[in-house]
Structures are given as C-alpha cells and as structure tokens.
Protein chains: 2
Amino acid sequence: MANLKQLAQSLGLSITTVSRALDGYADVSAATRERVREAADKVGYRPNASARRLRRQRAELVAVTLPSDPGHIGPPHFLDMLSGCAEHLAAAGLNLVIAPVPRGESELDICRRFVDGRRVDAMLLVRTKRKDERVEFLQSRGIPFVTNGRTESLLPHPYIDGDGFAGFRAATLRFHAAGHRRIGHIAGPQEYYFAHDRCRGWRAAMEECGLATDLCAEGAPLEQGGYLAALELLRQPSRPTALVCATDEMAIGALRALREVDGGNQISIVGHDDLAMGAFTSPPLSTMRMTGENLGASFASLLLRAIAGEPAEELQELHAIEFVDRDSHRRPAKAA
Amino acid sequence: MANLKQLAQSLGLSITTVSRALDGYADVSAATRERVREAADKVGYRPNASARRLRRQRAELVAVTLPSDPGHIGPPHFLDMLSGCAEHLAAAGLNLVIAPVPRGESELDICRRFVDGRRVDAMLLVRTKRKDERVEFLQSRGIPFVTNGRTESLLPHPYIDGDGFAGFRAATLRFHAAGHRRIGHIAGPQEYYFAHDRCRGWRAAMEECGLATDLCAEGAPLEQGGYLAALELLRQPSRPTALVCATDEMAIGALRALREVDGGNQISIVGHDDLAMGAFTSPPLSTMRMTGENLGASFASLLLRAIAGEPAEELQELHAIEFVDRDSHRRPAKAA
DNA sequence: CTTGACTCCCAAAACGTTTTGGAGAATCTT
DNA sequence: AAGATTCTCCAAAACGTTTTGGGAGTCAAG
C-alpha cells in the first residue's frame with residue numbers, strides 16, 4: 001500500500017535508513033531496525049517490484065518459451081515440472097513467465113523480445129531441436145539459459161536431459177534378450193534432439209544384434225501420431241513382435257492400433273515418460289523414466305547458478321533412464 | 001542493447017522526441033519519426049521494460065496461481081489453455097507468470113505478495129473452491145481478476161465456467177432414458193466448485209427420476225482417485241450399471257477398476273474434459289466438454305476487460321456442456 | 001506589424017527503489 | 001586531550017522510461 005517515502009516520513013527517518021533497515025544492513029541500529037520492521041509489517045509495506053527491478057537492473061523474471069504446435073508442448077506432467085521450477089525460483093525472488101509463440105512469429109522472435117527488452121534474467125528452453133536457433137541466439141547475447149534436452153550446438157550450454165540413447169538401447173536389448181527379433185521403433189519428429197537420441201539408441205541396439213533397422217515409423221509425439229505410426233508398422237509383411245515407443249502418449253496410441261489390428265495383447269510395447277495414465281491403460285504400460293526427483297527444482301537450481309555466472313560445462317546434467325515394468329512389455333516373442 | 005539516451009544522442013535529438021517518435025505521436029514530424037524508427041531498428045532498440053513499468057505504474061504482468069497439491073493443478077490440457085491465454089495477453093503487452101504455492105504458504109499468501117508488491121495488473125485463479133479466500137482478498141483489494149470456475153462469493157466476480165450442473169444432470173438423464181436405474185457418481189473433492197456443481201447435477205437428475213442418491217463416492221481428481229472410488233461403488237451389494245465421473249482422469253481410473261472387478265465392458269461410463277487420451281482408452285471413453293473454442297483467448301479477453309474496468313457482471317461466461325459420444329456409455333442397462 | 005494558430009521539438013519532473021559517499025556523534029586508543 | 005575508530009544515520013545520485021508544460025520558429029490572418 002504505502003511506499004518507502006511515506007513509511008520513512010511516518011517514522012521520522014530517511015528513506016535510506018528505512019530501506020537499509022528492511023534489508024537488514026548492519027549500519028542501522030538494532031532498535032531502529034526493529035521499529036522499522038514493525039511499522040512496515042503494520043502497514044503491509046512491500047517494495048514496489050518495478051522500482052526495485054529498475055534500480056537493481058534485474059528483471060527478477062525467467063521466461064520459458066512454449067512451442068505452440070499442438071502436442072509439441074510436452075507431456076501432460078510438463079506443467080508440474082514448470083510449477084516445481086517456478087516454486088524454487090520464487091524462493092530466490094524470481095518469477096517464471098510462460099512465453100508461448102504466437103502464430104506468425106518464431107521462437108527466436110520471442111527470445112529476442114524478452115532478451116533485448118531486458119524482460120528476463122534468464123531463459124528456460126524446452127523441446128530443444130538438434131539445431132536450435134534459440135540456443136545460438138542466447139549464446140550470442142550471453143544471456144543465461146538452461147535447456148530441457150541437449151542440442152548439437154558446438155558451444156557447450158547448460159542442460160538437463162535424460163540419456164535417451166542408453167535408455168532406448170537398453171530397452172531394445174531387453175526385448176532381444178527376451179527372444180524378440182522383430183523390434184519396431186515408433187519415433188518422434190527427428191528434428192527434436194530427444195526423439196533423435198532415442199531413435200539412435202534403438203538403432204544402435206538393433207545393429208549390435210545384427211538386426212535390420214527398417215521397422216521404424218515416425219509420427220507426431222501424441223496419441224494420434226503413435227496410433228498412425230503403429231498402423232504403418234503393423235501393415236509390414238512381417239510384423240514386429242515388440243514396439244519401443246518414443247513417448248508414453250505415442251505408446252498409448254499404439255496400444256489402440258494393436259487392439260484394432262490383432263485384438264491386442266500379442267505385441268510387447270514400452271513407452272517413455274512414466275505418465276500416471278500408464279498405470280491405467282489396458283494392459284498397464286511398461287515405460288521408462290528419467291532418474292532423479294523434482295526435475296523442476298533441478299532446473300531452478302541450474303538457472304540460478306547460470307545467472308550467478310557458473311560456466312556452462314558445470315551446468316550439464318545427463319540423467320540415467322530407469323525402467324518401470326508394468327505389463328505391456330511381457331508379451332511372448334513368438335512369430336506373429 | 002542501447003537505451004533511449006544513447007539513441008537520442010546519436011541522432012542529435014532529445015530523449016523526449018525519440019520516445020514520442022517511437023510511440024507514434026503526431027507532434028513529431030513524419031521525417032523525424034521515420035529517421036528515429038530506422039535508427040532504432042538498426043541498433044535493435046527495445047524500451048527497458050522495468051523502466052516503463054515503473055513510470056507507467058503498470059506491471060505488464062498477470063499471475064496465475066497454481067495449487068500445489070499433486071493432481072489438483074488441473075487436467076493435462078490445462079497448460080494448453082494457459083499457453084493460449086498467455087499468447088493473447090502478450091498481444092496486449094502483458095506476460096503471464098505462473099505462481100505455484102510453496103509448501104508452508106497458502107494461496108492467499110501468494111496473492112498477497114503479488115498484489116501488494118504491485119507485481120501484477122491482474123490475476124487468474126484456477127481450481128476455485130466454493131468458498132475461496134483468494135476471491136475475497138482480491139475483491140477487498142480491488143484488483144482485477146478472473147476465475148476459472150464459479151465460487152459461492154456473495155459479490156459477483158468475473159469467471160468462465162462450464163455448466164456442470166446441467167451437463168451432469170443431462171448425462172444422468174440419458175442413462176436413465178437408456179434404462180439404467182443404478183447410476184453411480186464418482187465425485188471430485190466437494191470443496192471445489194466444479195466438483196460440487198457436477199455432483200449436484202447428478203443428484204438432481206436422480207431425484208427427478210425418483211432414484212436413490214447413495215451410489216456416490218468421492219476421490220482425488222486423478223486416475224487413482226477414480227480407481228479407488230469406483231472400487232468402493234463396485235463393492236456395494238447392488239452395483240451400479242452406469243457411472244458418471246467428475247473428470248476423464250477419474251473415469252480412466254474407474255475403467256481399470258471395472259476391468260479388475262467384472263472383466264470390464266459391463267458397466268457404462270462417462271467422464272468430463274474430453275482428454276485426447278480418451279479416444280485411446282479401451283473402450284474409448286465417452287465424455288463431455290465445455291462448448292466454445294480457445295478457452296485461453298477467452299480468459300485473456302476477460303482479463304483485459306477487467307483491467308479496463310468493465311464491471312464484473314458483464315464478465316461472466318457460463319458455457320454449455322456438450323457430449324462426446326465414443327463408446328464407453330453404451331453398455332446395456334441389464335441387472336449386473 | 002501584431003496576433004494567433006500551428007508545427008516541431010525539448011528540459012525537467014516524475015515513478016520508487018537501492019547504493020554511494022559521506023557527516024555527526026559517541027567511543028576507544030594512545 | 002587529540003586522534004582514530006565505530007555507530008548511526010542521511011542527502012543525493014542513479015536506474016530508463018513517459019509525460020507535462022512549455023518554447024522557438026513559421027505562417028496566415030487581421
């Protein structure tokens with residue numbers, strides 16, 4: 001309600017002293033400090049955020065750009081991650097703004113607007129592409145940022161990512177060890193690093209086992225994309241007996257394709273993300289998940305450290321992938 | 001990069017003139033205006049947001065508080081709505097910040113921090129409760145806000161809501177018309193307006209038909225909550241033959257309970273929200289959805305109008321509920 | 001030649017904070 | 001007792017905009 005000037009006047013003190021008292025500086029006496037704090041509490045004084053930001057030359061804001069292609073925004077629990085991140089940022093006085101990309105503008109335009117207008121202290125980038133123009137731009141501007149997912153940028157940058165390559169390679173090898181020989185992959189759009197990485201993992205395993213890598217179909221990272229991709233694979237002359245899907249949503253779409261084509265329950269399937277929904281599908285969906293808890297907090301921590309100036313090399317987290325065994329990966333490997 | 005002073009200096013003009021030229025005022029000649037604009041473009045000038053906010057006494061920010069109880073944050077497509085809202089707000093120069101509630105703090109604390117620190121021009125409230133302290137607080141402060149969901153507040157306030165009462169009443173009557181007599185309701189937490197509203201709709205229909213209203217179980221608005229609530233109803237001596245669920249997520253949980261208890265496919269079921277996932281469950285989930293498109297844009301528009309000072313009464317949207325018939329509501333009404 | 005209107009521009013004052021660089025008084029040192 | 005040090009406090013200068021209230025010119029009308 002009140003501002004510093006009014007508060008100072010009512011206390012018979014200078015603005016300076018009141019400001020420093022509230023910030024806990026040692027050069028104001030304990031008695032005065034207490035008196036000021038009480039008065040501030042009483043009138044419910046909160047420093048005006050805009051004024052502070054201007055003076056401190058800090059926006060106290062972090063922006064996350066959201067791709068606007070439907071379904072490309074991220075898995076359903078993505079908001080939970082953002083929420084966790086925002087919560088931890090708030091503890092450091094930063095707020096998280098979401099910056100979707102309006103039609104007709106590129107993600108780059110958004111970055112530019114936020115960065116050049118000094119609207120943010122850092123940025124969080126999600127759904128990174130292998131070649132991501134946002135990364136290059138932010139690097140050139142020297143603005144702190146963290147990405148969710150690696151890129152193929154030559155300069156190192158802070159990121160958190162799951163080791164999709166290792167995870168999908170291991171999942172494929174598991175199917176092979178269980179006797180499967182025709183193991184298909186339902187891939188996400190390959191311009192995304194995560195989708196490419198996971199695809200590479202599957203391909204590597206197949207090649208190690210001396211198996212052909214033609215049972216691969218790409219689709220949008222949504223139920224419908226998985227459904228269509230699965231139908232494509234099921235039309236092949238020799239059907240796969242197991243399916244490794246880039247995401248749970250795609251796997252759930254594939255599950256429906258399986259039900260339609262062979263009555264379901266003949267083909268093994270595994271997804272990735274560990275959606276809550278997966279425990280409730282029929283059959284319950286086996287899946288993979290990135291290890292580590294409270295991803296949002298990790299992002300917040302990395303962002304804060306990036307703002308503090310830590311070098312990019314120390315701000316890279318590659319998390320192992322673990323399996324979540326439910327039921328859908330246990331179908332026999334017999335010829336279909 | 002540059003600021004107004006530097007830009008003015010390089011052009012041999014005053015700060016005032018440059019500022020007004022960029023804002024398109026008529027009291028600067030067309031020639032100068034053009035010259036200024038070109039120079040601004042060339043150096044990539046963007047006004048410093050903090051300075052403008054301080055001077056204009058506007059935060060250029062809208063906050064949305066996110067409940068932190070897991071699963072209480074909203075349905076999976078909730079982020080899409082926020083994204084749409086943010087996009088339309090951005091067109092008016094406003095950014096959307098997400099404000100989760102840290103442990104140990106109440107949603108009220110968050111509102112207070114944002115409002116009293118003048119960090120926002122308006123707020124967006126989601127998952128409103130029947131008695132919502134946030135609403136009362138914002139009303140007392142006179143800060144513009146819009147809620148997603150009505151409340152029982154005595155003073156009118158802007159909202160967008162679906163007519164859950166009518167929708168659930170109609171859904172229940174449909175089951176009755178199809179011969180069902182034991183129609184259960186899987187309810188969300190009754191402190192939320194939407195959950196209570198939907199429950200009331202079901203109850204009203206049952207009473208109109210002269211049926212008992214004891215087949216009702218409450219759970220968390222998630223798959224697990226629906227699963228547990230369904231198990232509870234299925235344990236009753238005379239099982240329901242149809243289930244009206246407060247949300248799709250609960251319905252999907254209930255679907256699993258049905259599979260476990262009676263092998264599935266014996267009991268009709270309908271949810272609400274029209275999750276993409278619903279088309280891929282087994283059986284495909286019949287559901288309901290709020291009519292109207294681009295909910296996010298509607299929120300943005302209401303927020304802008306609230307900021308512009310329109311009275312609350314003119315900023316209330318109650319949308320009809322429409323049915324999305326897939327398959328899960330078509331089970332026979334025979335005695336189980 | 002004055003008057004008024006019009007065009008184009010600008011100096012200075014905000015907005016509310018944080019921070020710099022002391023000032024005055026009290027206390028300690030020598 | 002003088003000088004050094006420590007405690008408290010404060011005036012003023014930022015931070016970068018927007019906006020207020022004119023001030024020169026120019027031009028047409030009287």
Side-chain angles (χ1 to χ4, degrees), chain A residues 1-37 39-40 43-61 93-95 113-121, chain B residues 1-37 39-40 43-61 93-95 113-121:
Chain A
M1 222 63 220
N3 61 20
L4 217 42
K5 195 199 279 192
Q6 292 162 20
L7 188 57
Q9 228 148 29
S10 81
L11 282 164
L13 289 168
S14 76
I15 291 183
T16 308
T17 303
V18 175
S19 171
R20 312 210 92 199
L22 291 174
D23 273 6
Y25 278 72
D27 71 350
V28 28
S29 73
T32 310
R33 195 160 46 220
E34 213 34 55
R35 196 160 66 93
V36 169
R37 283 205 172 135
V43 301
Y45 169 78
R46 309 267 178 145
N48 179 303
S50 302
R52 186 193 3 219
R53 296 201 254 244
L54 173 59
R55 175 60 231 225
R56 286 221 178 126
Q57 295 289 80
R58 304 247 229 84
E60 295 181 358
L61 248 35
L94 296 174
N95 286 122
R113 174 178 317 157
F114 275 93
V115 168
D116 290 344
R118 284 197 183 52
R119 302 173 109 78
V120 292
D121 298 320
Chain B
M1 220 63 216
N3 61 19
L4 217 42
K5 194 200 279 193
Q6 291 161 18
L7 188 58
Q9 226 147 30
S10 81
L11 283 163
L13 288 169
S14 76
I15 292 182
T16 310
T17 303
V18 175
S19 171
R20 312 211 91 195
L22 292 174
D23 274 5
Y25 278 72
D27 70 351
V28 28
S29 73
T32 311
R33 194 159 48 220
E34 213 33 56
R35 195 160 68 94
V36 169
R37 284 206 172 133
V43 302
Y45 168 78
R46 308 267 178 146
N48 179 303
S50 302
R52 189 198 356 223
R53 295 201 254 244
L54 173 59
R55 174 62 230 227
R56 286 222 179 125
Q57 296 289 82
R58 304 246 228 86
E60 296 181 357
L61 248 35
L94 296 175
N95 286 122
R113 174 178 315 158
F114 274 93
V115 168
D116 290 345
R118 284 197 183 53
R119 301 174 110 79
V120 293
D121 299 320

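All figures in this text were calculated on a predicted structure; none of them were measured in a lab. Throughout, a chain's letter reflects where its sequence line sits, starting with A, and its residues are numbered from 1.
Ranked by how close their nearest DNA chain C nucleotide is to the 5' end, B:Val28 and A:Asp23 are led by B:Val28. The nearest heavy atom of DNA chain C to A:Ser19 and to B:Arg56 marks one nucleotide each, and the one closer to the 5' end goes with B:Arg56.
Between B:Thr17 and C:dC9 there is no side-chain N or O to OP1 or OP2 distance below 4.0 Å. Contact between the side-chain N/O atoms of B:Thr32 and the OP1/OP2 oxygens of C:dC9 is found at a separation under 4.0 Å. The side chain of A:Gln57 places an N or O atom within less than 4.0 Å of a non-bridging phosphate oxygen (OP1 or OP2) of D:dG16. A close approach under 4.0 Å does not occur between any side-chain nitrogen or oxygen of A:Tyr25 and OP1 or OP2 of D:dC10.
For a distance-only test at 3.5 Å, the side chain of A:Thr16 qualifies as a donor-acceptor partner of the base of D:dA11. Residue B:Arg55 places a side-chain atom within donor-acceptor reach of the base of D:dT18, judged by atom type and a 3.5 Å distance cut-off alone. One N or O donor and one acceptor, one from the side chain of A:Asp27 and one from the base of D:dC9, sit under 3.5 Å apart.
Judged by distance alone, the side chain of A:Arg53 and the main-chain N or O of A:Ala59 form a donor-acceptor pair under 3.5 Å. With hydrogens and angles disregarded, a donor-acceptor distance shorter than 3.5 Å links the side chain of B:Arg33 to the backbone of B:Tyr25.
Using a 4.5 Å heavy-atom cutoff, the side chains of A:Asn95 and B:Phe114 are in contact. The side-chain heavy atoms of A:Arg35 and A:Leu11, taken from C-beta on, include a pair separated by under 4.5 Å.
Following rounding to the nearest Å, B:Leu22 (CG) and D:dG16 (C1') show an atom-to-atom distance of 14 Å. One atom, CG of B:Leu11, and another, C1' of C:dC8, lie 15 Å apart when rounded to the nearest Å. When rounded to the nearest whole Å, the span between CG of B:Leu4 and C1' of D:dT18 equals 9 Å. The distance between atom CD1 of B:Ile15 and atom P of C:dA14, rounded to the nearest whole Å, is 17 Å. Rounded to an integer number of Å, the gap from B:Arg46 CZ to D:dT17 C1' is 16 Å. Across the protein-nucleic acid pair, B:Arg33 atom CZ and C:dT7 atom P stand 12 Å apart, rounded to whole Å. Atom-to-atom, CZ of A:Arg118 to P of D:dT17 comes out at 8 Å; the value is rounded to the nearest Å. One can place CD of B:Glu60 at 14 Å from C1' of C:dC15, the figure rounded to the nearest angstrom.
The number of heavy atoms from other shown groups lying within 6.0 Å of CZ (B:Arg58) does not exceed 12.
Backbone-only engagement by A:Ser29 is indicated by non-hydrogen atom pairs under 4.0 Å involving sugar-phosphate atoms exclusively. B:Leu13 comes within 4.0 angstrom of sugar-phosphate atoms only, judged by non-hydrogen atoms across all strands, and of no base. Across all strands shown, B:Asn48 has heavy atoms under 4.0 Å from sugar-phosphate atoms exclusively, and none from any base.
The OG atom of B:Ser50 sits 13.0 Å away from atom CZ of A:Arg55, with the distance rounded to the nearest 0.5 Å. For the atom pair B:Arg119 CZ and A:Leu61 CG, the distance stands at 9.0 Å (nearest 0.5 Å). To the nearest 0.5 Å, atoms CZ (B:Arg118) and CG (A:Asn3) are separated by 8.0 Å.
Five base pairs at each end of the helix from C:dC1-D:dG30 to C:dT30-D:dA1 define two local axes, and these are offset by 60° (rounded to 10°).
Across C:dT17, D:dT17, C:dG16, the shortest atom-to-atom separation from the side chain of B:Pro47 is found for D:dT17.
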